[in-house]
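One structure below.
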Number of protein chains: 2
Amino acid sequence: MNKIAFDTKNCGTCPIQHRAVCSHCDSAELQMLDSIKYYRSYEAGQSVLWAGDHMEFVASVVLGIASLSQGMEDGRTQMVGLLLPSDFIGRPGRNASPYDVVAVTDLTICCFRKKPFEEMMLKTPHIAARLLEMTLDELDSAREWMLLLGRKTAHEKIASLLTILATRDANLYKKIPLDGMVFDLPLTREAMADYLGLTLETVSRQMSGLKKAGIIQLEGKRRVTIPDIARLMAETGDDMDGGMLV
Amino acid sequence: MNKIAFDTKNCGTCPIQHRAVCSHCDSAELQMLDSIKYYRSYEAGQSVLWAGDHMEFVASVVLGIASLSQGMEDGRTQMVGLLLPSDFIGRPGRNASPYDVVAVTDLTICCFRKKPFEEMMLKTPHIAARLLEMTLDELDSAREWMLLLGRKTAHEKIASLLTILATRDANLYKKIPLDGMVFDLPLTREAMADYLGLTLETVSRQMSGLKKAGIIQLEGKRRVTIPDIARLMAETGDDMDGGMLV
DNA sequence: TGTCCGACTTGATCCTGATCAATGTGATGT
DNA sequence: ACATCACATTGATCAGGATCAAGTCGGACA
């Protein structure tokens, strides 16, 4: 998944988003980026963009989580992207978002005015290269997600999501994925359902099932303890060798 | 979907794959690409690459259709990509395919040796830009596909697939999508099922259903006639305004 | 001409997850 | 302390697709 490390040195006041687009920033580039950037913050549940909205910026997630969703007329919705700190919003050469972008948790993004950002991209090829790399990573995770949506059972879907969230949390805080780990679900049951292509009732039932089976413990609605991560991963249906293909 | 037009002028002996990676080829670039390329052909059903295989090339589809699939241990598989002429196979900076690549129809691809191709990419930024554009297009269609897998009924899935294949056929031969159009399904029922996250029996039943409803006509197993494309599209569940977001 | 085989169709039944409905829980504010 | 509200759980029932099991069709080949 090639995420940017959560590390503030080298990049001054706005580290994450700079390094998200550029891992070899020189000071001229930093200065350029600084001059075209501004921040926006949203509360959990707020909409950042509606599908079809004009976008005058591209942006990078600084703090919190955002989702991309596609909707159908009758109200059915499917989440198609989950954006974490350092992930990129928007697309060079596109003026409108084809997706709803929603703040899942409280969210801060760093926006870059589109026109100058695109000009800068033309002048600094390694920014384009970095974007290509990030986009290919996103494509890979979209394809993994397609397998989940098309072929996994509700049970496997939930186990997969918990594994993803747990692993992500472990990486974020630079812990090795550990048995006995505790973390807070950043998603409501409804958001989990949208992610997994299920109803929120099914999500709730499956969570209760995993709890009864002793695979997870729940404290309140959001706090999850995973006593034995291998046991959870055994429920995902995934290949266990897990060797990342480079 | 930003596909390359099926047009041979300007690009000599190997037009499609060159223009797939480069819409502004100059002769030095063409010469360079020529020197590192070779062709491979496969029969329908043959495997091009197994997941995990070492890849010494990147490639571009010249003729025919290939699929990317993910498998699970127990044999369940999900198609995650359908590659048409001009589509790109492989990823700069990656040595093994994470997917099974299979020739859906008879297939010819044009391979470029990976090392020199990557070196060339570094020297010619518009190739990287073109790859970024293509990758973003693929990401968009993957996300559309996720909505289909997660939220559409079997009925809507089939209608969507037929619409996609019909539209694609119409574009390929530069016909305006037309009522009364006839085309051959390039996919077996099983491949359709893998594409849609269904079983082949369900695919078959839904096809029969559409036929009984008079929305499509079937001659033999593969030849499809669509008397009224709007009527088919009404079954997809999709937004009808269809304005491509640029 | 027959038979063989793979691709497809159709039928009967089962089961997972959706739907509809009621209830529970905890945080917030008054 | 209580009302309120959003979020979550649980139950009862239903239905869309999966599964298991025969059959059909059409082309290749002896």
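Lettering follows sequence order; numbering is per chain, from 1. These figures come from a predicted structure and were not determined experimentally.
- The distance from atom CD of Q206(A) to atom P of dA18(C) is 10 Å, rounded to the nearest whole Å.
- Map K152(A) and G220(A) each onto its nearest nucleotide of DNA chain C; the residue landing nearer the 5' end is K152(A).
- The interatomic distance linking R205(B) (CZ) with dG16(D) (C1') rounds to 11 Å, in whole Å.
- Distances shown here put a side-chain N or O of T202(B) below 4.0 Å from the OP1 or OP2 atom of dA18(D).
- Put simply, CD on E201(A) is 14 Å from P on dA22(C), counting in whole angstrom units.
- A salt bridge links R143(B) with E138(A); the closest basic N to acidic carboxylate O contact falls under 4.0 Å.
- For T199(A) and T202(A), the side-chain atoms include at least one donor-acceptor pair closer than 3.5 Å.
- Across all strands shown, G197(A) has heavy atoms under 4.0 Å from sugar-phosphate atoms exclusively, and none from any base.
- At whole-Å resolution of the value, CD in E190(B) and P in dT19(D) are 13 Å apart.
- With respect to R231(A) and D179(A), no salt bridge is recorded, no charged nitrogen being found less than 4.0 Å from a carboxylate O.
- Nearest to the side chain of K221(B), among dG17(D), dA7(C), dA8(D), sits dA7(C).
- Rounded to an integer number of Å, the gap from I158(B) CD1 to dT9(C) P is 10 Å.
- A straight line from CG of L210(B) to P of dT9(C) spans 12 Å, rounded to a whole angstrom.
- We find that CD of E43(B) is positioned 16 Å from P of dG6(C), with the value rounded to whole Å.
- Atom CG of L82(A) and atom CG of D194(A) lie 11.5 Å apart (nearest 0.5 Å).
- Whole-Å rounding puts the M192(A) CE to dA8(D) P distance at 9 Å.
- Note on S204(B): every side-chain N or O is 4.0 Å or more away from OP1 and OP2 of dT10(C).
- As judged by a 4.0 angstrom heavy-atom cut-off over every strand, R222(B) is placed among residues touching the sugar-phosphate backbone only.
- Residue contacts for L198(B): at a heavy-atom cut-off of 4.0 Å it reaches the sugar-phosphate backbone alone, with no base atom in range.
- Taking every side-chain heavy atom of T199(B) into account, dA18(D) is the closest of dT9(C), dA18(D), dA18(C).
- For the atom pair CH2 (W145(A)) and CE (M79(A)), the distance works out to 6.0 Å, reported to the nearest 0.5 Å.
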